[in-house]
Enquirer: 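The following block contains the structure, expressed as structure tokens.
By convention in this document, chain letters (A, B, ...) are assigned in the order of the sequence lines, proteins followed by strands, and residues within each chain are numbered from 1.
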There are 2 protein chains.
Amino acid sequence: MSTSSDPAQGPELEIVHLLRATTVELGLHSARFAQRNGMHPTDVRALIALMDARRARQELSAGRLGAVLGLNSAGATALVDRLERAGLVRRARGRQDRRTVVVELEERAMALGRSFFGPLIDRSVELLRGYDAHQMAAIRGFLTGVREAAAGDGGAAGRGA
Amino acid sequence: MSTSSDPAQGPELEIVHLLRATTVELGLHSARFAQRNGMHPTDVRALIALMDARRARQELSAGRLGAVLGLNSAGATALVDRLERAGLVRRARGRQDRRTVVVELEERAMALGRSFFGPLIDRSVELLRGYDAHQMAAIRGFLTGVREAAAGDGGAAGRGA
DNA sequence: GCGAATATCTTGCTCAGCGAGATAATAGGG
DNA sequence: CCCTATTATCTCGCTGAGCAAGATATTCGC
């Protein structure tokens with residue numbers, strides 16, 4: 001966000017800060033969406049995870065959803081309660097394992113998600129169409145590398161207070 | 001609804017989802033860092049904003065910090081209280097306008113921030129060194145475009161429940 | 001100096017998320 | 001088939017982040 005860094009340190013650092021600024025902006029966009037619809041940031045993240053799972057044609061249980069979002073079981077239950085009360089999801093018992101609760105998206109949630117992601121996705125695809133294969137490979141490689149670095153928990157982080 | 005479902009629709013969509021996955025992973029990384037240091041997500045975001053301001057050689061007041069993070073004045077006061085109690089920042093009265101409270105980072109917070117961002121930044125720079133100017137321009141252009149699209153509040157999103 | 005405007009702080013409240021434990025369903029050994 | 005360990009979810013009680021409203025302190029225009 002805000003003004004850039006010392007470009008003197010190289011174009012690489014400038015891009016690193018640009019990536020961070022972009023993630024911050026996406027987060028703020030998401031927060032605006034949440035507030036506008038009377039939801040909490042966690043609810044939006046849950047919606048994203050559920051739509052992701054749906055794209056991959058996989059069921060998502062309450063517990064697994066909570067794990068993805070970093071909640072404990074009580075928090076996961078409360079989350080699904082909220083989403084259900086808002087009419088965004090419905091609970092269904094798992095078929096083979098009836099202990100599990102499968103969280104299924106209501107049509108309303110899909111529409112809401114599309115209204116949120118659609119324009120952003122369309123604009124992104126439009127941007128990408130302007131690049132050649134060589135450039136696309138670079139974008140893909142960079143994002144993949146950063147994702148793996150973040151997932152690998154690169155942050156050392158000493159003991160807090 | 002065209003765009004947002006099928007990965008077979010082209011390499012563009014794959015990259016869009018990759019970007020989203022990357023931001024999610026960065027968010028989880030940040031959450032792990034927060035928990036490990038007894039902080040909350042908002043505290044980490046505040047630290048980022050403060051380090052950003054410092055890089056830009058700009059002072060950040062309590063109220064302005066709260067605005068950046070989307071908090072009201074009470075929330076901003078509580079946030080600075082928390083960070084101060086954790087020894088991460090100190091309050092200082094503004095020089096020309098003594099109503100304001102300038103939030104200044106303690107050395108400890110800088111070190112903590114570096115331990116969090118350092119490895120990720122290093123890895124990112126390393127990745128970027130493998131690309132030529134043509135590719136760097138594509139990465140820069142794509143990220144800039146997405147950031148602007150998100151900032152422009154592309155999400156329509158009607159009234160929620 | 002007086003009153004309006006502005007920045008922060010205080011008070012009281014709501015609700016997201018946690019820890020601990022209860023309940024329900026499955027899997028395996030006898 | 002029954003009994004026990006395991007696993008998935010839910011219930012209860014609590015902590016604390018953030019909000020709304022208002023108090024307090026400082027600045028600016030007149």
Enquirer: Side chain of A:Val101, heavy atoms from C-beta onward: which of D:dT9, C:dC9, C:dG17 has the nearest atom to it?
Expert: D:dT9
Enquirer: Look at the side chain of B:Leu71 and decide which nucleotide, out of C:dT26, D:dC19, D:dC10, has an atom nearest to it.
Expert: D:dC19
Enquirer: Please report, rounded to the nearest Å, how far the P atom of D:dT27 is from the CG atom of B:Asp97.
Expert: 6 Å
Enquirer: To the nearest angstrom, how far is A:Gln35 atom CD from D:dA20 atom C1'?
Expert: 13 Å
Enquirer: Between B:Arg114 and B:Glu107, does at least one N-O distance fall below 4.0 Å, as a salt bridge requires?
Expert: yes
Enquirer: Mind calculating the distance between CG (B:Leu83) and P (C:dC9) to the nearest angstrom?
Expert: 13 Å
Enquirer: Considering just the side-chain nitrogens and oxygens of B:Asn72, establish if one lies under 4.0 Å of OP1 or OP2 belonging to D:dG18.
Expert: no
Enquirer: Looking only at heavy atoms, which two atoms of A:Met51 and A:Met110 are closest? And how far apart?
Expert: CE-O, 4.2 Å
Enquirer: Round to a whole Å and report the spacing from CG of A:Leu65 to P of D:dA8.
Expert: 14 Å
Enquirer: To the nearest angstrom, how far is A:Arg95 atom CZ from C:dA25 atom P?
Expert: 16 Å
Enquirer: Is any side-chain N or O of A:Thr100 closer than 4.0 Å to OP1 or OP2 of D:dT9?
Expert: no
Enquirer: Surrounding CZ of B:Arg20 (heavy atoms of other residues, nucleotides or ligands, distance under 6.0 Å), is the total greater than 12?
Expert: yes
Enquirer: To the nearest 10°, give me the bend of the helix from C:dG1-D:dC30 to C:dG30-D:dC1, comparing the axes of its five terminal pairs at either end.
Expert: 20°
Enquirer: Please indicate whether B:Arg54 has more than 12 foreign heavy atoms, meaning atoms of other residues, nucleotides or ligands, lying under 6.0 Å from its CZ.
Expert: no
Enquirer: Separation of B:Asp81 atom CG from D:dT15 atom C1', in whole Å?
Expert: 17 Å
Enquirer: Name the closest nucleotide to the A:Ala74 side chain, picking from D:dG18, C:dA20, C:dT10.
Expert: C:dA20
Enquirer: OP1, OP2 of D:dT9 versus side-chain N and O of A:Ser61: anything below 4.0 Å?
Expert: yes
Enquirer: Quickly work out the B:Arg93 CZ to C:dT8 C1' distance and round it to whole Å.
Expert: 7 Å
Enquirer: Under 4.0 Å: is that the gap between some side-chain N or O of A:Arg98 and OP1 or OP2 of C:dA24?
Expert: no
Enquirer: Are any of A:Arg82's side-chain N or O atoms less than 4.0 Å away from OP1 or OP2 of C:dC15?
Expert: no
Enquirer: Between A:Arg90 and A:Glu104, does any NZ, NE, NH1 or NH2 come within less than 4.0 Å of an OD or OE carboxylate oxygen?
Expert: yes
Enquirer: Heavy atoms only, 4.0 Å cut-off, all strands: where does B:Gly70 land among base, sugar-phosphate and nothing?
Expert: sugar-phosphate
Enquirer: Of all the choices, C:dG17, C:dA24, C:dG21, which nucleotide is nearest to the side chain of A:Arg99 once you look at every atom?
Expert: C:dA24
Enquirer: Please determine, for the side chain of A:Ser73, which listed nucleotide (C:dG21, C:dA16, C:dT26) has the closest atom?
Expert: C:dG21
Enquirer: Can you establish whether the number of heavy atoms outside A:Arg64 located under 6.0 Å from its atom CZ is more than 12?
Expert: no
Enquirer: Once you round it to whole Å, what is the distance between C1' of D:dT27 and CD of B:Gln96?
Expert: 11 Å
Enquirer: For C:dC9 and B:Arg91 - does any side-chain N or O of the residue sit under 4.0 Å from the phosphate oxygens OP1/OP2?
Expert: yes
Enquirer: Heavy-atom count around A:Arg98 CZ within 6.0 Å, excluding the residue itself: above 12?
Expert: no
Enquirer: Any chance you could measure B:Leu127, atom CG, to B:Arg129, atom CZ, to the nearest 0.5 Å?
Expert: 11.0 Å
